[in-house]
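Structure first, commentary second.
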Amino acid sequence: MFPTKIARAAGTGGSVPVECCQVCGNERLETVLSLGYLPPVNQMVPVGQPPRQLPWFPTTLLYCANCELVQLGLAVDPAIIFPPEYPYTSGTTKLLRDNFAELYAESANLLALGRDDLIVDVGSNDGTLIANFQKGGHRILGIEPTDVSKIANARGIATLQRYFSKEVAREVKGKHGAAKVVTAANCFAHIEDVHAIVEAILEMLAPDGVFISESHYLIGLIDRLQYDTIYHEHLRYYSVGSLKHLLDMHGLEVFHARPIPSHGGSIRVYAARRGTQPVQGSVKQMLDGEPRGDAMRKRLGAFRNEVTLSKLRLYALIRDIKENGGRICGISAPSRASTLVNYVGLDEAIIDYVCEIEGSLKIGKCMPGTLIPVVEERRMFAEQPECAIIFSWHIADELAPKLRQKGYRGTLVTPLPVPRALE
Ligand SMILES: [Zn+2]
């Protein structure tokens, strides 16, 4: 029933091409887009170190017309893309915190959660999501493999530091009982064997339990031209349709789905064992809005063309600034900036430096694949370069006023979906 040729790169020290669909096993995958060879987004070399050889990986998107999944054409060993020295701490952006608070309010109401109900968050990171359920008086448990779990525990948010698996799920169930709700925010796209994860979730989910996942939304990615969120950590790009296909394979029924603003456009999808929850109109509504088959091929073709044009348009914009002797810096170095910088071909001759706020672990290192240094943002306020490109452009509305307030007077540019100077 499940694909037998799952691309497993873990332990290879390298990468493995995806030869059949990670969800349905279809071998006739179609190429959507190629961003060329890109370095791992966390591969940041200290400034001043002599250049050494580093791995770059092909970055190609594939489309499966059988289950509608869009996926990366290559699986890279997690040891390469998740080096222990760069633990990702779940965004401390207000947008994400607000989203998780809202997730709690929505689900507590929709599912009429009781005090004794156990909520388990898979890939719980620093506990930002699950803390909302704890505040609501429910029993909670986070599961997080990295050292970030220590931050959560120090904050009083019970977190198990383990890689999530069927064995761990069994252990959790034995110790705490079955979970009424299992949440997984933004880890559903990262794990190599997604079927094993769904099976593990089912293992600890109560018979009337509910699984809530949040994933970056393929349709939003296409519509807002967020090709910069394509990198090797993200193996799969879901629509409600493809997620439904995956969950259906495990006897789970999607009963509520809706768009949420996280990461520039995500989806929150509720699923339960078939027949245990009334299916809401939201599911049909979301599915009806998603292209399929030839319509999807057409959308993906237009997307590819727009990605190419966005590169040329950004060059046109910054060429004018450079011709006039202007200096350009970048603002913030999220993972997505690595894809943009390397796909567009920005280097240290074009971008003087990229700013991060004080305390960032990225300061003193080079942007992946380049010699552009990452520096503390105070340098930008002191030097006032003529132009600053906001690499976290998906939260430009939140960032731009703050940058002005702190005293930046130059031109603020967002590189996507259409490169432009902000007012
Ligand atoms: Zn498929």
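The figures here come from the full heavy-atom set of this structure, side chains too, leaving out hydrogens, waters and symmetry mates. Both counts, for ligands and for their atoms, begin at 1 and track the order of listing.
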Check whether the side chains of His394 and Arg336 place a donor and an acceptor atom closer than 3.5 Å, and report yes or no. yes
Contact summary for Gly264 and Arg224, nearest pair of heavy atoms: O-NH1, 3.8 Å
On a heavy-atom basis, which atom in Val254 and which in Lys244 lie closest, and how many Å separate them? CG2-CA, 4.0 Å
For the Zn ion (ligand 1), which protein N/O/S atoms fall under 2.8 Å? Skip waters. Cys21 SG, Cys24 SG, Cys64 SG, Cys67 SG
Just checking, any donor-acceptor pair under 3.5 angstrom between side chains of Tyr63 and Glu68? yes
Under 6.0 Å from the ring centre and within 45 degrees of the ring axis: does the NZ or CZ of Lys311 meet both conditions for the six-membered ring of Tyr343? yes
Test ring-ring contact (aromatic ring centres under 6.0 Å, His included) applied to Tyr238 and His245, step by step: CA-CA 10 Å; Tyr238 293 104; His245 189 105; over 10 Å; no
